[in-house]
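Let me begin by presenting the structure, written as structure tokens, before commenting on it.
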Number of protein chains: 2
Amino acid sequence: MVSLDKTDLKILQVLQAEARITNQDLSERVNLSASSCLQRVRRLEQAGVLMSYHSRINLPLICRHIVCIATVSLKNHSQQDFREFEQLVKSTPEVVECYTVSGEFDFFLKIICPDMNQYLKVNDALVSSANRSITINTHVVMNQNKYFEGLDLGKLTSE
Amino acid sequence: MVSLDKTDLKILQVLQAEARITNQDLSERVNLSASSCLQRVRRLEQAGVLMSYHSRINLPLICRHIVCIATVSLKNHSQQDFREFEQLVKSTPEVVECYTVSGEFDFFLKIICPDMNQYLKVNDALVSSANRSITINTHVVMNQNKYFEGLDLGKLTSE
DNA sequence: CTTGAAAAATTTAAGAA
DNA sequence: TTCTTAAATTTTTCAAG
């Protein structure tokens with residue numbers, strides 16, 4: 001567990017939502033000189049706290065596509081079967097996120113495809129990937145009401 | 001629908017996964033001069049194609065927390081009830097993503113809390129927010145196997 | 001829509017507190 | 001850890017193709 005002071009948290013808070021801010025502007029926001037701000041950012045990167053920087057793209061604006069969320073249950077709960085399924089997921093580019101969960105399902109997948117035809121192919125590949133039984137339930141996303149915009153690190157790290 | 005050429009797609013492809021790349025490096029990657037590369041990036045921002053830039057933070061490294069995925073079904077499917085629920089979700093910081101879906105559920109939520117105690121509070125707030133009936137099913141995330149790293153825009157936009 | 005050059009701004013390393 | 005300073009680099013504008 002890396003320990004961070006308030007200034008580090010402020011830096012992370014800003015970078016979560018404005019990753020392309022200049023170091024100079026960032027330093028003003030957190031009341032630091034540009035050089036010590038940069039030093040902290042580099043340290044956070046090296047420590048693995050800042051993992052990567054991404055752009056959000058307005059996909060509906062540039063192409064037709066469908067987003068689905070699929071629940072997955074494996075009949076056989078052996079480590080081997082889990083690993084194999086995870087491997088398959090990792091090598092399937094249409095699956096953009098995958099969570100292992102407790103409860104009535106084993107996995108949640110988020111899948112993005114150009115059209116339903118391609119989705120069916122991905123689905124088939126997941127189902128018939130091996131000879132083990134698997135139940136996949138698909139939910140087509142009709143609207144995304146809330147996008148991830150960064151966590152409230154103050155709340156999460158307080159206490 | 002905004003129409004993009006191959007160079008625009010390359011720019012988006014790079015920025016999705018390396019949002020803090022310098023414009024100069026980006027221009028080399030896409031075989032353009034720095035100035036025309038910058039011009040394209042600004043145009044993509046103005047057109048709303050590039051929406052925002054985010055950092056991924058290694059949360060397990062800096063604090064204890066739990067991630068849950070919840071399925072939600074409303075008993076009453078009136079527009080009014082949907083809107084009210086969406087409003088509640090938007091004003092609840094622990095809910096970091098929300099999808100309206102077709103099928104057996106109405107919404108999928110991703111929720112991040114410092115601990116289970118706080119999760120229960122959020123859950124209660126969602127359930128008892130109003131006098132309408134709602135079914136929430138919680139799945140604790142045990143592992144995230146695949147993170148969003150950027151779409152393959154070539155595949156999505158081809159044809 | 002591009003390039004290339006010049007000006008403005010930022011990043012980054014070094015030295016001192 | 002911080003800051004200041006200064007050199008290196010990058011961003012940004014603009015004239016011209």
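Reminder, nothing fancy here: chain letters follow the sequence lines and each chain counts from 1. Here the structure is a predicted model, which means the values were calculated and not measured.
Both Cys37(A) and Arg20(A) sit near DNA chain D, but only Cys37(A) has its closest nucleotide nearer the 5' end.
With rounding to whole Å, Leu26(A) atom CG is found 9 Å from dT11(C) atom P. Regarding Asn23(B), its CG atom lies at a distance of 5 Å from the P atom of dT11(D), rounded to whole Å. Going from atom CG of Asp5(A) over to atom C1' of dT2(D) covers 12 Å, rounded to whole Å. Atom-to-atom, NZ of Lys6(B) to C1' of dT2(C) comes out at 20 Å; the value is rounded to the nearest Å. Atom pair Asn31(B):CG and dT3(C):C1' shows a separation of 14 Å (rounding to whole Å applied). Atom CD in Glu28(B) sits about 13 Å away from atom P in dT3(C), given to the nearest Å. Atom CD of Gln39(A) is separated from atom P of dA13(C) by 10 Å (rounded to the nearest Å). Computed from coordinates, the Leu38(A) CG to dT4(D) C1' distance equals 15 Å when rounded to whole Å.
Ion pair Glu94(A)/Lys110(A) not flagged as a salt bridge, since none of the NZ, NE, NH1 or NH2 atoms sits closer than 4.0 Å to an Asp/Glu carboxylate oxygen. Using a 4.0 Å cut-off between a side-chain N of Lys or Arg and a carboxylate O of Asp or Glu, Glu45(B) and Arg40(B) do not qualify as a salt bridge.
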Step by step, would you call Thr138(B) with Tyr119(B) a side chain to side chain donor-acceptor pair (under 3.5 Å)? CA-CA 10 Å; Thr138(B) 294; Tyr119(B) 181 79; 2.5 Å; yes
What verdict does the side chain to side chain donor-acceptor pair (under 3.5 Å) test give for Gln79(B) and Arg83(B), after you've listed the backbone C-alpha separation in whole Å, the side-chain angles of each residue and the deciding distance to 0.1 Å? CA-CA 6 Å; Gln79(B) 263 206 1; Arg83(B) 280 217 201 97; 2.9 Å; yes
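Checked against the 6.0 Å centroid threshold, Phe107(A) and Phe85(A) count as a close aromatic pair. Centroid-to-centroid, the aromatic rings of Phe108(A) and His139(B) come within less than 6.0 Å.
Looking at Ser35(A), its side chain comes within 3.5 Å of the base of dT4(D) through a donor and an acceptor atom.
Taking the side chain of Ser33(B) as heavy atoms from C-beta on, and the options dT4(D), dT11(D), dT3(C), the nearest nucleotide is dT3(C). With dT2(C), dT2(D), dT12(C) as the candidates, the nucleotide lying closest to the side chain of Leu32(B) is dT2(C).
Applying the 4.0 Å criterion to OP1 and OP2 of dT1(D), one finds that Arg43(A) has a side-chain N or O inside that range. When the side-chain nitrogen and oxygen atoms of Ser36(A) are compared with OP1 and OP2 of dT1(D), none of them lie within a distance under 4.0 Å.
Among the heavy atoms of the strands lying under 4.0 Å from Thr22(B) are primed sugar atoms or P, OP1, OP2 only; no base atom is included.
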Could you go through nucleotides 7-9 of chain C and list every protein N or O atom that sits under 3.5 Å from one of its N or O atoms, giving the distance for each pair?
none

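The environment of Glu104(A) atom CD is dense: over 12 non-hydrogen atoms of other residues, nucleotides or ligands sit within 6.0 angstrom.
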